[in-house]
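Atom set for the values below is all heavy atoms of this structure, side chains included, hydrogens, waters and symmetry mates excluded. Throughout, numbering of the chain's residues begins at 1 and tracks the sequence.
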Amino acid sequence: MSPTVEGSAHTTAPSAQVQAAYSYCEAVTGTQARNFAYGIRLLPADKRQAMSALYAFSRRVDDIGDGTLPPDAKLARLEETRALLGRVRSGAVDEDDTDPVAVALAHAARRFPIPLGGLDELIDGVLMDVRGETYATWDDLKAYCRCVAGAIGRLSLGVFGTTAGAGPRAEHASAYADTLGLALQLTNILRDVREDAGNGRTYLPAEDLAKFGCDPAGFRTGRLPSSADFAGLVHHEVRRARALFAEGYRLLPLLDRRSGACVAAMAGIYRRLLDRIEREPDAVLRGRVSLPTHEKAYVAVRGLSGLDARTITRQSTRRRTR
């Protein structure tokens, strides 16, 4: 059962040490995750702080995986980070601890029913990156995406909670959050196909690459043979991502207005990225596709207005009454 909004957070104000820890996490989020930061600014302070703590810890894990250390050192650092997560889970992190991310995450986990096991899953996913795993099928890639992105969706739901009015549908909220995370991650994979290839990583399923005659070696240079149907490959994955978005968006009617606005804003930015990639598939072979700041702001305003949430609620209601 998903947590409801009512009674999910403690009402006492954080101490000065905890406030400083949250401020550090919010600074990390603001500088390292522009899309994420646009979404969470729509949340009330306690939820925004908790989401920043989750992001800062997740960023630490990702930075280990993406860093320049040799694989053995990365594996050791990831296990150290898992041990830190164990300290957070057991309540062994004091407010005067020297690690601000641990302090903030520990406080957030006391404030909200955050399923911290999702961060273990994230570590598992980054371990897959360090070991250089590739994915033969969509089912294989989906398992990876559930670790690195679906888990983040479920962690976020622990902060958001569901509304009391969600009723029996609340039991599906975790699955919707997981699916929406998959949609965002697949969009990321398409956006970063050249950058990832340059780092020696190929995420797209081997069966899809073969179907469209695409050799990932060409992703590194941005040049593929004329026989390759790269546009066909991209459009195939875009259709898959759109189906995931459609399912994941069913989460929005289950959230309170500001949490729904946050999710709608973040997902809306990625949906627009997906639209751009669909219109010009070759753009991802030239570099990272992004949205201008004014367009992100427009998406955030749509989210805060509740327009996207209302539209999706109507669509969801029509599907249930058919």
Colleague: Will you find, in the side chains of Y55 and D62, an N or O donor that is under 3.5 Å from an N or O acceptor?
Modeller: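 There is no such pair (donor and acceptor under 3.5 Å, judged by atom type) between the side chains of Y55 and D62.
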Colleague: Does D94 reach the main-chain N or O of D96 with its side chain, forming a donor-acceptor pair under 3.5 Å?
Modeller: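 Looks like no, no N/O pair under 3.5 Å.
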Colleague: Please name the pair of heavy atoms, one in P14 and one in Y22, separated by the smallest distance, quoted to 0.1 Å.
Modeller: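 Heavy-atom minimum between the residues: CG-CE1, 4.4 Å.
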Colleague: Give a yes or no answer on whether the side chain of D256 reaches the backbone of S259 with a donor-acceptor pair at less than 3.5 Å.
Modeller: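 Checking the backbone N and O of S259 against the side chain of D256, a donor-acceptor pair under 3.5 Å is found.
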Colleague: Indicate the atoms forming the closest heavy-atom contact of D215 with L224, along with that distance.
Modeller: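 Result for this residue pair: O-CD2, 3.6 Å.
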Colleague: Go through the steps to decide whether D282 and R286 satisfy the test side-chain contact (heavy atoms from CB on, under 4.5 Å), and finish with yes or no.
Modeller: CA-CA 7 Å; D282 287 346; R286 296 193 294 271; 4.0 Å; yes
Colleague: Specify the closest pair of heavy atoms between V130 and L78, including all atoms of both residues, with the distance to one decimal.
Modeller: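 The pair with the smallest heavy-atom distance is CG2-CD1, 4.0 Å.
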Colleague: Just so I know, are the side chains of L105 and L116 near enough to count as touching, which here means a heavy-atom distance under 4.5 Å?
Modeller: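 Yes - at least one pair of side-chain heavy atoms lies under 4.5 Å apart.
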Colleague: Do S15 and E95 meet the criterion of a side-chain donor-acceptor pair at a distance under 3.5 Å?
Modeller: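 Indeed, the side chains of S15 and E95 share at least one donor-acceptor pair under 3.5 Å.
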Colleague: Are there more than 12 heavy atoms of other residues, nucleotides or ligands under 6.0 Å from atom CZ of R87?
Modeller: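 Count over threshold, so yes.
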Colleague: Once you round to the nearest 0.5 Å, how far does CZ of R271 lie from CE of M266?
Modeller: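 R271 atom CZ to M266 atom CE measures 15.5 Å (nearest 0.5 Å).
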Colleague: Would you mind reporting whether R60 and V101 have side-chain heavy atoms less than 4.5 Å apart?
Modeller: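 SC-SC contact between V101 and R60 confirmed.
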Colleague: So do the side chains of V289 and E280 get within less than 4.5 Å of each other, counting heavy atoms only?
Modeller: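 SC-SC contact between V289 and E280 ruled out.
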Colleague: Taking the inter-plane angle between the rings of Y135 and Y144 on a 0 to 90° scale, is it parallel (under 30°), tilted (30 to 60°) or perpendicular (over 60°)?
Modeller: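 Tilted.
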Colleague: Quick one: are R169 and P253 in side-chain contact, heavy atoms under 4.5 Å?
Modeller: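 They are in contact (side-chain heavy atoms under 4.5 Å apart), so the answer is yes.
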Colleague: Might you point out which heavy atoms bring V193 and F219 nearest each other, and give the distance in Å?
Modeller: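 Closest pair (atom of V193, atom of F219, distance): CG2-CD1, 3.5 Å.
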Colleague: Could you pull out the closest heavy-atom pair between A173 and L251, with the gap in Å?
Modeller: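 Minimum heavy-atom contact is O-CD1, 3.7 Å.
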Colleague: Measure the spacing between CZ of R258 and CD1 of I40 and express it to the nearest 0.5 Å.
Modeller: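 Going from CZ on R258 over to CD1 on I40, the span is 12.0 Å.
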Colleague: Identify the heavy atoms of A56 and C25 that sit nearest to each other, and give their distance.
Modeller: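 For A56 versus C25, the nearest heavy atoms are CB-SG, 3.7 Å.
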Colleague: Please tell me if the side chains of D192 and Y203 come closer than 4.5 Å, counting only heavy atoms from C-beta onward.
Modeller: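 In short, these two side chains do not touch, never coming nearer than 4.5 Å.
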Colleague: Rounded to the nearest 0.5 Å, how far does CE of M51 lie from CD1 of I114?
Modeller: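 Rounded to the nearest 0.5 Å, the CD1-CE separation comes out at 9.0 Å.
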Colleague: Rounded to the nearest 0.5 Å, what's the gap from OG1 on T202 to CG on L209? Could you check?
Modeller: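 Separation between the atoms: 7.0 Å.
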Colleague: Step by step, work out the side-chain contact (heavy atoms from CB on, under 4.5 Å) result for L157 and Y176.
Modeller: CA-CA 10 Å; L157 182 62; Y176 295 151; over 6 Å; no
Colleague: Show your reasoning for whether salt bridge (charged side-chain N to carboxylate O under 4.0 Å, His left out) applies to R59 and D63.
Modeller: CA-CA 6 Å; R59 181 74 191 197; D63 284 348; 3.1 Å; yes
Colleague: Determine whether F57 and L85 satisfy the following criterion, side-chain contact (heavy atoms from CB on, under 4.5 Å), listing intermediate values before the conclusion.
Modeller: CA-CA 9 Å; F57 188 92; L85 179 59; 3.9 Å; yes
Colleague: Apply the test side-chain contact (heavy atoms from CB on, under 4.5 Å) to residues L141 and I189: give CA-CA distance (whole Å), side-chain angles for both, the deciding distance (0.1 Å), then the verdict.
Modeller: CA-CA 11 Å; L141 178 59; I189 287 170; 4.0 Å; yes
Colleague: Measuring from S58:OG to L54:CG, what's the distance to the nearest 0.5 Å?
Modeller: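 So the OG of S58 and the CG of L54 are separated by 6.0 Å.
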Colleague: Look up atom CZ in R276 and atom CG in L190, then write down how far apart they are to the nearest 0.5 Å.
Modeller: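 Between atom CZ of R276 and atom CG of L190 there are 15.5 Å.
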Colleague: Starting from the C-alpha separation in whole Å, work towards a yes-or-no answer on salt bridge (charged side-chain N to carboxylate O under 4.0 Å, His left out) for D208 and R240.
Modeller: CA-CA 12 Å; D208 293 352; R240 177 173 281 155; 3.0 Å; yes
Colleague: Taking the side chain as every heavy atom from C-beta outward, state whether L84 and E80 have any pair of such atoms under 4.5 Å apart.
Modeller: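 A side-chain contact under 4.5 Å is absent here.
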Colleague: Checking D140 side chain against T137 main chain: does a donor-acceptor pair fall under 3.5 Å?
Modeller: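 Yes.
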